[in-house]
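Encoded as structure tokens, the structure appears first; notes follow it.
Hydrogens, waters and symmetry mates are skipped; everything else that's a heavy atom, side chains included, is used. Read the numbers this way: they start at 1 and go in the same order the structure lists the ligands and their atoms.
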Amino acid sequence: MHIGLIGPGRMALNLAHGWLKTGHSIQFGSRQPQARTHILSDVPGATIASNAETLQTAEIVVLAIPFVAVAPFARQYASLLSNKLVIDISNPFQHLPDNRISGPEITAQAIGMGARVVAAFKATFWETLLEPVSPHTDTVRDVFYVGDDRADKEIVAQLIKDLGFNPVDCGPLRNARILDGMVPLLLELDRRYGSDAHRLSWKLLG
Ligand SMILES: NC(=O)c1ccc[n+]([C@@H]2O[C@H](COP(=O)([O-])OP(=O)(O)OC[C@H]3O[C@@H](n4cnc5c(N)ncnc54)[C@H](OP(=O)(O)O)[C@@H]3O)[C@@H](O)[C@H]2O)c1
């Protein structure tokens, strides 16, 4: 699939590495594409363009920009994002207005009619994106995801599998309220038990 990765930072680069290996095509969207062309030497085959150009051609959009930028971005580009599968990976931390709404629900509201938002990768450290199997336990890491549309979630589950992770469907988009809180908790656990190395993951066990 042709994936537009908005925000060519740490998460986007590692997602691109994994998806390029499994045959997807990648375009990064940036506010300053000219100033970011150096990143392409690290991801052969990927391209970079302005955010608007990237949104125009992408089949799937990943919002890999800071949480505070997501809602303004979604409002600005609502017409290009509507009716397109949007994967929101952003983490709000202290910026949520209250605990009765999640980041991805705010993103969907900002897009408005035709919003197709799935949240995923929120609790996946960028440091582990290229290490889907934990070298310490030989366990495939889980990626939790939520969304309201079954077909969209199947696409996202396949994209997660393409990176070598185990997708775990955590229910409707509103359950992102819980995922939002699992990220600061994972950071706390990482400080206590993971040497602050960002190599821990949540794992659903039977
Ligand atoms: N780091 C992690 O381990 C991790 C894990 C899970 C989820 N996340 C989430 O993933 C998202 C990206 O994290 P990251 O660590 O990859 O961040 P990052 O390395 O700082 O990259 C973010 C990118 O967003 C773009 N950007 C910055 N401010 C923007 C704005 N106001 N409007 C539009 N674009 C803007 C920048 O690209 P340009 O300047 O080129 O436009 C930048 O390269 C965040 O929401 C974060 O919460 C991160």
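- Here the rule is side-chain contact (heavy atoms from CB on, under 4.5 Å) with His17, and of Leu163, Leu130, Leu129 only Leu130 fits it.
- Of the protein's non-hydrogen atoms, Ile65 O, 2.7 Å is the one closest to atom 45 (O) of ligand 1.
- Side chains of Phe67 and Leu96 form a contact here, defined as non-hydrogen atoms less than 4.5 Å apart.
- Contact annotation: for Phe67 versus ligand 1, heavy atoms closer than 4.0 Å belong to the backbone alone.
- The ligand atoms of ligand 1 that sit less than 4.0 angstrom from a heavy atom of Phe125 are 3 (O).
- If you number the atoms of ligand 1 from 1 as listed, the ones under 4.0 Å from a heavy atom of Phe121 come out as 6 (C), 7 (C).
- Proximity of Lys122 to ligand 1, defined as any heavy-atom pair under 4.0 Å, is confined to the backbone N, CA, C and O atoms.
- Summary of contacts: the protein heavy atom closest to atom 33 (C) of ligand 1 is Arg31 CD, 3.6 Å.
- Using the six-membered ring where Trp is involved, Phe125 and His198 have ring planes that are parallel, under 30° apart on the 30 and 60° scheme.
- Here Ala123 has no heavy atoms under 4.0 Å from ligand 1, in either its backbone or its side chain.
- Near Trp126, meaning under 4.0 Å from one of its heavy atoms, ligand 1 places the atoms 1 (N), 2 (C), 3 (O).
- Counting heavy atoms from C-beta on, the side chains of Tyr77 and Val61 never come closer than 4.5 Å.
- A salt bridge does not link Glu127 with Arg10: none of the charged nitrogens is closer than 4.0 Å to a carboxylate oxygen.
- Counting atoms of ligand 1 from 1 in the listed order, those under 4.0 Å from a heavy atom of Gly7 are 23 (C), 24 (O), 25 (C), 37 (O).
- With respect to the salt-bridge test (charged N to carboxylate O, under 4.0 angstrom), the residues Arg192 and Glu188 qualify.
- Looking at Lys161 and Pro167, their side chains come closer than 4.5 Å, going by heavy atoms from C-beta outward.
- The heavy atom nearest to atom 5 (C) of ligand 1, out of those in Thr124, Ile89, Leu129, is found in Thr124.
- On a distance-only criterion, Ala12 and ligand 1 share no N/O pair closer than 3.5 Å.
- For ligand 1, one of its N or O atoms has an N or O atom of Ser30 under 3.5 Å away.
- For atom 12 (C) of ligand 1, the closest heavy atom belonging to the protein is Ala64 O, 3.3 Å.
- The protein heavy-atom contact nearest to atom 37 (O) of ligand 1 is Pro8 CD, 3.2 Å.
- Protein heavy atom closest to atom 21 (O) of ligand 1, with residue, atom name and distance, is Gly9 CA, 3.3 Å.
- Judged purely by atom type and a 3.5 angstrom limit, Thr54 uses its side chain to pair as donor or acceptor with the backbone of Phe28.
- Salt bridge present: Lys153 and Asp169 bring a charged side-chain N and a carboxylate O closer than 4.0 Å.
- Near Arg36, meaning under 4.0 Å from any of its heavy atoms, are these atoms of ligand 1: 38 (P), 39 (O), 40 (O).
- Separation of atoms CG (Asn166) and OG (Ser201) is listed at 11.5 Å; rounding is to 0.5 Å.
- Not a single N or O atom of Glu127, backbone or side chain, sits closer than 3.5 Å to an N or O atom of ligand 1.
- Of all protein heavy atoms, the one closest to atom 46 (C) of ligand 1 is Asn91 N, 4.1 Å.
- Taking CZ from Phe73 and CG from Leu81, the interatomic distance works out to 6.0 Å, rounded to the nearest 0.5 Å.
- The residues Asp142 and Lys203 are annotated as salt-bridged, a charged nitrogen and a carboxylate oxygen being separated by less than 4.0 angstrom.
- The Ala69 neighbourhood of ligand 1 comprises atoms 30 (C), 31 (N), 32 (N), with distances under 4.0 Å to a heavy atom of that residue.
- Nearest protein neighbour of atom 16 (O) of ligand 1, counting heavy atoms only, is Met11 N, 2.8 Å.
- Among the candidates Val70, Val62, Leu63, the single residue satisfying the side-chain contact (heavy atoms from CB on, under 4.5 Å) test with Ile89 is Val62.
- Contacts between Arg10 and ligand 1 below 4.0 angstrom, taking non-hydrogen atoms only, involve backbone and side chain alike.
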